[in-house]
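Working notes, structure below.
In what follows, chains are A, B, ... by sequence order, proteins preceding strands, each numbered from 1. Values in this document were obtained by computation on a predicted structure and should not be read as measured data.
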Amino acid sequence: MPGALDLARRPCITAPADPNEGPMSRYDPADIEPKWQAAWDAAESFRARHDPAKPKYYVLEMFPYPSGRIHMGHVRNYTMGDVVARYKSSCGFSVLHPMGWDAFGMPAENAAMERGGHPKDWTYGNIADMKAQMKPLGLSIDWSREFATCDPEYYGQQQAMFIDMLEAGLVYRKAAVVNWDPVDMTVLANEQVIEGKGWRSGAEVERRELTQWFFKITDYADELLSAIDGLEAWPEKVRLMQRNWIGKSKGLSFEFGVKNAPAGFEKLPIYTTRPDTMWGPTFAAIAADHPLAKALEKDNPEVAAFCAKCRAMGTSEAAIEAAEKLGLDTGLKVTHPADPSLELPLWIANFVLMDYGTGAIIGCPAHDQRDLDFARKYGLPVIDVFKPLGSDEAVGNTAFVPQKTEKVRYVHWHGPADTEITCQEAMDRTLALYEKNGWGTAQVQYRLRDWGISRQRYWGCPIPVIHCEKCGVVPEKKENLPVRLPDDVSFDLPGNPLDRHPTWRDCTCPSCGGKGRRETDTMDTFVDSSWYFARFTAPHAATPTDPAECDYWMNVDQYIGGIEHAILHLLYSRFFCRAMKATGHLPAKAIEPFNALFTQGMVTHEIYMTRDARGRAVYHLPEDVTDGKLADGTAVEVIPSAKMSKSKKNVVDPVDIVKNFGADTARWFILSDSPPERDVEWTASGAEAAYKFLGRVWRLAAEVDSRGAGDASQDQALLKAMHRAIADVTAGIEGFAFNKSVAALYTLANAVQRSDASATAKGTAMRATAQLIAPMTPHLAEEIWSMLGGSGLVAEAPWPKADPAMLVEDEVLLPIQINGKKRSEIAVPKDMDKAEVEKLVLADETVVKVLAGGTPKKVIVVPGRIVNVVV
RNA sequence: GCCCGAGUGGCGGAAUGGUAGACGCAAGCGACUCAAACUCGCUCGGAGCAAUCCAUGCCGGUUCGAGUCCGGCCUCGGGCACCA
């Protein structure tokens with residue numbers, strides 16, 4: 001078990017040459033890193049240049065929330081982006097690699113409530129701190145383009161676009177439910193609702209309706225879905241998640257009749273994706289927020305009590321779905337559209353969502369597990385619509401839900417009994433029948449809902465509209481933008497300070513000049529992050545975007561961030577770019593803003609835990625644990641691969657790592673071993689190993705000229721290893737497999753170290769090493785590049801090319817399998833023909849022994865790869 | 001609950017359907033050293049004297065050949081629309 005990271009244990013790596021060293025006789029990151037950072041600054045190496053003569057490359061990491069401290073996840077994210085940026089720059093691209101801050105959001109308000117102070121001061125202070133922590137990493141960022149989304153200059157442009165989108169009909173208002181804390185009298189975010197209670201007050205959270213602003217993302221549902229096909233450089237899993245999220249379905253839309261219904265509710269609209277089961281439902285159910293439920297609860301206390309119970313639950317789908325399924329029989333009956341004499345009981349159920357479909361369902365227990373659980377719980381009948389081929393067994397407690405393409409035997413449906421067809425076929429036939437008889441219509445439906453952007457909070461982009469008694473809702477005049485957040489606010493009371501700020505809230509109507517009231521809701525922070533990448537192309541333009549700059553720099557060629565953003569952020573951005581295009585703020589080519597996407601894994605670390613007298617977990621910092629024990633000798637329990645979190649005390653601070661080992665070590669480690677898309681476990685021993693390796697590379701470079709004449713006959717072998725490394729490192733970077741690039745560099749370093757080739761050849765190999773390692777450990781690369789007489793900055797040297805002639809091997813070692821298991825091998829010329837190989841294989845000692853004079857059933861020769869003898 | 005992933009030595013991982021374990025960590029042995037650290041060299045999935053056998057989360061299937069493809073599970077992680 002690795003011990004804790006002991007900073008005092010940092011190995012001392014020295015060159016053997018001169019013990020009475022000058023400053024340059026050992027690898028000393030504290031000396032070389034600031035030196036090269038200053039050199040890059042002086043050369044303006046990372047300024048993005050709009051150069052029409054060069055192809056451009058835009059690489060972007062998801063910008064951070066300014067929490068105040070960078071963590072290893074940031075280091076991993078930005079290092080990956082930096083590798084790509086530096087590599088592409090070496091390949092001759094004009095690179096844009098910017099950085100900014102996703103600066104609005106709840107934590108700033110929470111800090112103001114808990115510690116006093118102003119969200120603005122807290123946020124800008126955090127930005128300054130984090131930037132100071134990031135600078136020593138040596139990232140090739142063009143800091144001249146930096147901005148924060150809370151800069152009025154940024155959010156004012158966002159307000160201008162909001163007004164344009166409002167006028168284009170892409171924005172509207174409607175009622176929607178929020179989590180309401182009845183004690184604090186405030187709206188809560190889903191994460192502030194813990195087991196159905198407010199996180200501060202502990203009060204039971206209620207669902208409450210408010211009128212809120214929405215973006216019409218559903219207008220683009222089909223377009224957002226079909227365009228996913230074109231996102232070929234996105235991870236397949238993200239494309240699949242987005243497709244499922246949009247959730248296009250084709251189904252049957254129909255109406256149940258409602259007997260003895262309250263006035264206006266004689267018909268109950270339903271949508272079902274399974275029309276083939278229309279003879280299988282044994283109940284219908286509506287959401288507690290359904291208008292019919294609301295009508296019923298007015299004069300039925302039992303219904304009112306049940307609906308209240310359903311509403312006493314947060315708004316999150318996960319909470320609703322995971323909760324115990326509850327229902328109440330309204331006593332009303334609904335009638336089947338195809339046969340009005342067939343009546344079903346109408347229930348109110350807590351798992352029916354008002355937001356999805358019509359807020360009402362048919363319950364077909366035999367073929368839906370949730371409906372079956374509900375039916376069993378409340379003693380409702382179960383009717384088998386179809387059965388598996390060759391079985392007549394009725395459904396028990398497991399619903400029968402075959403693939404739609406599977407053939408089943410329909411026993412109770414609109415066609416003849418015992419018809420054996422697929423569910424898809426039955427659905428198609430039923431749909432056609434319902435349409436023909438006027439019982440219902442085929443309808444395409446999406447799961448995607450419109451994007452609610454209203455937040456009842458201060459620290460966000462103000463929604464630039466005014467409510468006027470005479471004119472209604474009126475957008476602010478563009479010349480009055482930005483609508484700035486007032487600074488004189490306090491957070492001593494719960495709720496939104498904008499709501500109780502008289503001089504800010506009260507204003508004149510831009511249309512009639514009469515008395516108006518500002519909208520006090522601010523925008524969801526996902527709006528801020530839906531276009532920042534476009535703003536980076538012209539961060540100080542007087543309009544949201546600058547057409548010439550957009551035309552040159554868009555789209556983002558490589559976007560890198562966490563998988564947790566696979567759906568919301570990326571889908572909202574895709575929509576927002578379409579809305580920007582529709583309002584003239586983006587060119588058509590930018591409606592899909594991210595050409596390629598890469599989703600990285602987390603950085604994890606072991607947790608060290610003991611238990612107190614009462615058996616409760618006590619966590620310990622890595623620096624307090626040595627060889628699995630605390631200072632007093634108590635053994636700790638080690639939990640591997642846990643997400644870093646302050647409460648578990650398993651956080652490693654990048655600042656400490658950089659201070660003690662240097663940025664290059666942090667960068668090298670974070671790229672080593674684990675593939676970028678997977679989680680990486682930070683270990684102290686791994687960090688030390690990274691540091692040792694960089695020292696070894698430095699020493700190899702320092703020793704090139706001091707190890708005698710060497711043996712020139714070994715030069716060719718070393719140069720071959722160099723070209724192999726060029727090919728492998730390049731392939732690793734291109735394929736986002738930086739761990740393989742790292743492995744290839746280890747292999748090259750080992751080859752140089754073990755070789756007795758001439759100093760000339762070693763110099764060549766080490767200069768290539770400098771270039772190949774530069775994207776990952778740029779400071780060390782510059783240092784050895786200059787030591788080895790490379791010209792200029794390695795950051796500005798062109799990427800080396802592998803000579804294909806140096807990559808071919810003339811002879812291959814061919815494994816020989818017998819019945820698929822390796823038993824022997826032979827060395828043959830690379831392009832020897834099959835028959836020749838077969839002849840040699842059959843003469844092989846092991847093969848002869850196994851065959852014992854017989855003939856093989858089959859000999860499979862895969863040229864250059866393998867031979868399999870089947871006996 | 002629903003959607004999406006991931007599971008390979010003591011550890012991180014490598015492997016166009018073709019030699020399972022590249023590269024590295026840890027460990028062990030040796031060299032250097034008064035000694036240690038650093039550095040360098042060697043060994044290193046398990047069982048067995050060996051021939052061999054067993055091994056890629058579990059169970060089945062396709063194939064001359066499966067870590068890789070298909071079906072069914074298990075465990076862990078991400079998302080579920082107001083965390084960012």
Side-chain angles (χ1 to χ4, degrees), chain A residues 1-2 9 11-14 16 62 64-65 67 102 104-107 178-179 187-193 235-238 240-245 247 314-323 325 351 355 369-370 373 447-457 524-526 529 562-569 571-572 599 601-602 604 640-641 643 672-675 677-681 683 685-686 688-690 692-693 695-696 699 737 739-740 742-747 750 753 813-817 819-825 856-860 862 865-870:
Chain A
M1 161 186 345
R9 245 172 31 200
C12 175
I13 295 172
T14 54
M62 290 179 185
Y65 179 79
S67 61
D102 188 13
F104 275 136
M106 289 200 309
V178 294
N179 300 308
V187 177
L188 298 178
N190 283 337
E191 74 155 9
Q192 296 173 319
V193 179
E236 192 48 49
K237 61 181 168 182
V238 175
L240 192 54
M241 279 191 266
Q242 292 218 351
R243 284 192 188 102
N244 291 341
W245 186 262
T315 58
S316 95
E317 192 181 318
I320 293 165
E321 290 281 342
K325 309 288 174 277
F351 61 85
D355 284 327
Q369 190 60 44
R370 194 170 56 183
D373 294 343
R447 201 186 78 98
L448 181 69
R449 308 198 296 256
D450 274 335
W451 175 12
I453 61 154
S454 290
R455 297 293 180 269
Q456 295 70 41
R457 280 184 251 288
D524 178 8
T525 56
F526 274 125
S529 56
I563 185 68
E564 67 272 20
H565 296 293
I567 296 172
L568 294 179
H569 162 58
L571 189 62
Y572 289 150
T599 56
M602 292 183 304
T604 64
S641 308
K643 185 177 185 168
S672 305
D673 295 352
S674 287
E677 68 277 13
R678 285 229 223 142
D679 292 352
V680 62
E681 172 114 353
T683 63
S685 58
E688 282 181 10
K692 286 186 199 176
F693 176 71
R696 187 149 70 94
R699 218 167 40 247
N739 55 320
K740 292 190 220 168
V742 166
L745 278 158
Y746 268 103
T747 306
N750 290 343
Q753 189 160 338
L813 206 56
L814 218 51
I816 300 173
Q817 294 182 328
N819 292 337
K821 294 202 170 183
K822 191 200 161 193
R823 284 290 178 268
S824 183
E825 57 190 15
K857 282 186 194 151
K858 206 173 185 183
V859 179
I860 295 149
V862 185
R865 299 222 59 115
I866 204 163
V867 181
N868 192 8
V869 182
V870 186

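- One interatomic measurement links the two molecules: CZ of A/Arg696 to C1' of B/rC25, which rounds to 13 Å at whole-angstrom precision.
- Annotation: of the two residues near RNA chain B, A/Ala744 and A/Lys740, the 5′-most nearest-nucleotide partner is A/Lys740.
- Remark: the separation of the C1' atoms in B/rA47 and B/rC42 is 24 Å, to the nearest Å.
- Residues A/Ser674 and A/Asp679 approach most closely at OG-O, 3.4 Å, considering heavy atoms.
- In this structure A/Thr315 satisfies the side chain to side chain contact (heavy atoms under 4.5 Å, CB included) test together with A/Val177, A/Asn179, A/Asn190, A/Arg207, sequence neighbours excluded.
- Listed candidates were B/rU19, B/rG5, B/rG24. Nearest to the side chain of A/Leu240 is B/rG5.
- If you take CD of A/Gln369 and P of B/rC3, they are 13 Å apart, rounded to a whole angstrom.
- The backbone N or O of A/Trp245 sits less than 3.5 Å from a side-chain atom of A/Arg447, completing a donor-acceptor pair.
- Atom CZ of A/Arg865 is separated from atom P of B/rA15 by 12 Å (rounded to the nearest Å).
- Under the 90° criterion around 0 for the glycosidic angle, B/rG9 counts as syn.
- A donor N or O paired with an acceptor N or O is not found under 3.5 Å between the base of B/rG13 and the side-chain atoms of A/Asp673.
- The same atom, P, is picked in B/rU16 and in B/rG10; the two are 24 Å apart, to the nearest Å.
- Using C1' as the reference atom, B/rC2 and B/rC70 are 24 Å apart when rounded to the nearest Å.
- Atom P of B/rU68 sits at a distance of 9 Å from the matching atom of B/rU56, rounded to the whole Å.
- Side-chain N or O atoms of A/Lys325 include one that pairs as donor or acceptor with a backbone N or O of A/Ala323 at under 3.5 Å.
- B/rG5 and B/rC53 have their P atoms separated by 37 Å, with the value rounded to a whole Å.
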>> For Watson-Crick and G-U wobble pairs within 3.5 Å on both distances, what is RNA chain B written in dot-bracket notation, | included for inter-strand pairing?
In response: (((((((..(((.....[....))).(((((.......))))).(((....)))..(((((..]....))))))))))))....
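- Here the nucleotide nearest the side chain of A/Asn244, chosen from B/rC4, B/rC23, B/rG13, is B/rC4.
- Atom pair A/Arg243:CZ and B/rG5:P shows a separation of 11 Å (rounding to whole Å applied).
- Considering all non-hydrogen atoms of both residues, A/Ile320 and A/Phe351 come closest at CG2-CA, 4.4 Å.
- Here the closest non-hydrogen pair linking A/Val178 and A/Gln456 is CG1-OE1, 4.4 Å.
- To the nearest 0.5 Å, atom CG of residue A/Asn868 and atom CD1 of residue A/Ile816 are 10.5 Å apart.
- Using a 4.0 Å heavy-atom cutoff across all strands shown, A/Lys325 reaches no nucleic acid atom at all.
- Atoms CG (A/Asn868) and P (B/rG17) sit 18 Å apart, rounded to a whole Å.
- Between the P atom of B/rG10 and the CD atom of A/Glu681 lies a distance of 17 Å, rounded to the nearest Å.
- In this structure, CZ of A/Arg678 is placed 10 Å from P of B/rG12, rounded to the nearest angstrom.
- For the P atoms, the distance from B/rG46 to B/rC40 is 26 Å, rounded to whole Å.
- At whole-Å resolution of the value, CD1 in A/Ile320 and P in B/rC3 are 17 Å apart.
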> What does nucleotides 71-84 of chain B look like as a protein-contact string, B for base, S for sugar-phosphate only, - for none, at under 4.0 angstrom between heavy atoms?
Replying inline: -------BSBBBSB
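- The NE2 atom of A/His565 sits 13.0 Å away from the OH atom of A/Tyr572 when rounded to the nearest 0.5 Å.
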